[in-house]
Visitor: 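Got a structure for you, written out below as structure tokens; questions coming shortly.
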2 protein chains.
Amino acid sequence: MAPVKEETTEQRILEAARAVFIRKGMAGTRMQEVADEAGINKALLHYYFRDKQRLFEGVFKGGVEKQFGCIWDSLKGREHLFEAIEAFVAAYLDRMTENPQLPLFIANEVNRDPEGLRAFIDRGMESRQVFLRLVSEARERGEIIDIDPRELLVNIMALCAHPFIARPMITHIHGITDEAFRRMIIKRRKSVPEFIIRSIRA
Amino acid sequence: MAPVKEETTEQRILEAARAVFIRKGMAGTRMQEVADEAGINKALLHYYFRDKQRLFEGVFKGGVEKQFGCIWDSLKGREHLFEAIEAFVAAYLDRMTENPQLPLFIANEVNRDPEGLRAFIDRGMESRQVFLRLVSEARERGEIIDIDPRELLVNIMALCAHPFIARPMITHIHGITDEAFRRMIIKRRKSVPEFIIRSIRA
DNA sequence: CCCAATATTAACCATTTGGTTAAACCTGAT
DNA sequence: ATCAGGTTTAACCAAATGGTTAATATTGGG
């Protein structure tokens, strides 16, 4: 019975909006659908978030930005490149397992509005400096081959993000179930760092 | 003067629709915008393509599917895994350089409607068999380590596609211009196969 | 209990959007 | 010239959609 109202309406809206935005994108999202999913009236939506744009920003700042941004934090305080790579990949895959649609959503919206999402992109700047330092230190110690650290970072992110972005293609190509996909991601927590480290180790 | 009408109206529509669909996605595309971009009336759009869905399919079958599909063909007739990887990466990057928005567009639409795009996905099945054969042959000759060939394929596609999918993020993170991005892609024609082969070579 | 502020709703509005219609405009064959 | 076929257009329509309004319900403080 008692409608356990542990949640504030604003939270319910944000959750609903987040779900809809992530699966339909900005353009594909209908305010009505968000209202339905939150179990409220459409007018109430505009009461809490003046318009679609602000609702979108609310979702983005509130959840997406933080959840995605914290992946970068996994690099902080690392002393060794290989260890950092392992931590980053694990953090990325774990975070995305909770939210498989996120990478595609982010890619989409950053493309749609690069300026508006600049703050989001900047979020991890500090950690990226750490990464660059670790690369150059490893290079000086002769542990890795000479590689453009920026390109290395692109490769790492590619190997983390792409399975989620191309998920339906992958599951279909390989004829695997969603459950098998999940197992594949778990395997990749180990295999991706190995793949990367093998290819850069001197 | 003479409005050089080398193009049929249908072609003009397909080009325009392709451009708009790719930059706005299915949901974000307005029939009016396609009509404008094609320099025609909106009614004429519906005269050639009954509705938005059919227009979308027309674009997809007509151009996207073929252009993307031919990347797979680069694998055909290859005798050696490493050579095949080099050819595939080169084909992928060259094709996408002509059409940088394509990977994100595809990812999006395959997610939106996995069933409807099954035919597109199947297109490269034959070539993927070639790839699997080359991997197992290389494995038997002891040239490469023991790796799940499906995962290898995912990794290759990830390294090819991701720079285009995350392009605005990459250009901003690394503070580079579009021209520098182009140069990076050219570099990757060599560096990506090297990266992959280093990591699988026995 | 009453009041004021906040939360919520039903009904409404203006615009946008996908799609249609009927008429006009070629263009090539007779 | 004219007729038939496909082609193109202006005007139109109904539904969907983002957003507003005014009235009602709820709640916490005095």
Side-chain angles (χ1 to χ4, degrees), chain A residues 1-62 64 105 108-109 112-113 116-117, chain B residues 1-62 64 105 108-109 112-113 116-117:
Chain A
M1 292 252 98
V4 198
K5 201 187 181 180
E6 286 302 309
E7 266 179 327
T8 161
T9 302
E10 187 168 346
Q11 284 175 322
R12 284 228 314 286
I13 292 178
L14 280 172
E15 277 168 42
R18 180 190 148 92
V20 180
F21 273 131
I22 283 181
R23 67 169 186 264
K24 299 281 179 83
M26 172 70 162
T29 290
R30 298 292 101 103
M31 294 299 268
Q32 186 61 57
E33 192 177 347
V34 175
D36 290 347
E37 185 131 343
I40 57 157
N41 190 291
K42 187 158 65 85
L44 198 55
L45 210 50
H46 288 96
Y47 174 74
Y48 280 95
F49 300 88
R50 216 179 312 287
D51 54 35
K52 199 181 180 183
Q53 182 61 34
R54 284 164 221 254
L55 176 59
F56 180 82
E57 280 157 21
V59 169
F60 211 86
K61 308 261 189 254
V64 176
F105 174 71
N108 249 314
E109 301 310 329
R112 199 179 51 88
D113 177 18
L117 302 172
Chain B
M1 290 268 91
V4 198
K5 199 190 180 176
E6 287 301 311
E7 265 179 326
T8 161
T9 302
E10 187 169 346
Q11 283 175 322
R12 285 229 313 287
I13 292 178
L14 280 172
E15 278 168 43
R18 182 190 147 91
V20 180
F21 274 130
I22 283 180
R23 68 169 185 265
K24 300 282 180 84
M26 172 70 161
T29 291
R30 299 291 100 105
M31 294 299 270
Q32 187 60 58
E33 191 176 347
V34 174
D36 291 346
E37 184 130 343
I40 58 159
N41 189 289
K42 186 159 65 85
L44 198 54
L45 209 52
H46 288 96
Y47 174 73
Y48 280 95
F49 299 87
R50 217 180 312 286
D51 53 35
K52 200 181 179 183
Q53 183 60 33
R54 282 163 220 256
L55 176 59
F56 180 82
E57 279 158 21
V59 168
F60 211 86
K61 307 262 188 251
V64 176
F105 174 71
N108 250 313
E109 301 310 329
R112 201 178 50 87
D113 178 18
L117 301 172

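Chain A is the first sequence line, chain B the second, and so forth, proteins listed ahead of strands; every chain is numbered from 1.
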Visitor: Report yes if some heavy atom in the side chain of Lys24(A) is under 4.5 Å from a heavy atom in the side chain of Glu33(A); otherwise report no.
Guide: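 In short, these two side chains touch, coming nearer than 4.5 Å.
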Visitor: Got a salt bridge between Arg54(B) and Glu57(B), using NZ or NE/NH1/NH2 to carboxylate O under 4.0 Å?
Guide: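 No, no charged N to carboxylate O under 4.0 Å.
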Visitor: Within the 4.5 Å heavy-atom criterion, are Leu55(B) and Tyr48(B) side-chain neighbours or not?
Guide: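 Not touching, per the 4.5 Å side-chain cut-off.
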Visitor: Taking atom C1' of dG18(D) as reference, at what distance in whole Å does atom CZ of Arg54(A) sit?
Guide: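 Distance check: Arg54(A) CZ to dG18(D) C1' gives 14 Å.
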Visitor: Where along nucleotides 13-19 of chain C does protein come under 4.0 Å, by heavy atom, of base (B) or sugar-phosphate alone (S), with - for untouched nucleotides?
Guide: ----SBB
Visitor: Between dT17(D) atom P and Asn41(A) atom CG, what is the distance in whole Å?
Guide: 16 Å
Visitor: Is the shortest side-chain N/O distance from Thr9(A) to OP1 or OP2 of dT8(C) below 4.0 Å?
Guide: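 Indeed, a polar side-chain atom of Thr9(A) lies that close.
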Visitor: Rounded to whole Å, how long is the line connecting atom CZ of Arg12(B) with atom C1' of dT8(D)?
Guide: 12 Å
Visitor: Take the protein atom CD1 of Ile13(B) and the nucleotide atom C1' of dT7(D), then report the distance between them rounded to whole Å.
Guide: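 Atom-to-atom, Ile13(B) to dT7(D), this comes out as 11 Å.
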Visitor: Sort out for me which residue in Arg23(A), Arg12(A), Arg18(A) forms a salt bridge (Lys or Arg N to Asp or Glu O under 4.0 Å) with Glu37(A).
Guide: Arg23(A)
Visitor: How would you label the contact of Phe49(A) with the nucleic acid (heavy atoms, under 4.0 Å): base, sugar-phosphate, or nothing?
Guide: nothing
Visitor: Look up atom CG in Asp36(A) and atom CG in Asn41(A), then write down how far apart they are to the nearest 0.5 Å.
Guide: 9.5 Å
Visitor: Rounded to whole Å, please give me the gap between OH in Tyr47(B) and P in dC25(C).
Guide: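 In whole Å, dC25(C) P and Tyr47(B) OH are 17 Å from each other.
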Visitor: Could you give the CD-to-C1' distance, from Glu10(A) to dT6(C), as a whole number of Å?
Guide: 13 Å
Visitor: For Leu45(B) and dT8(D), what is the distance between atoms CG and P respectively, to the nearest whole Å?
Guide: 12 Å
Visitor: With a 4.5 Å heavy-atom cut-off, do Phe105(A) and Glu109(A) have their side chains touching?
Guide: yes
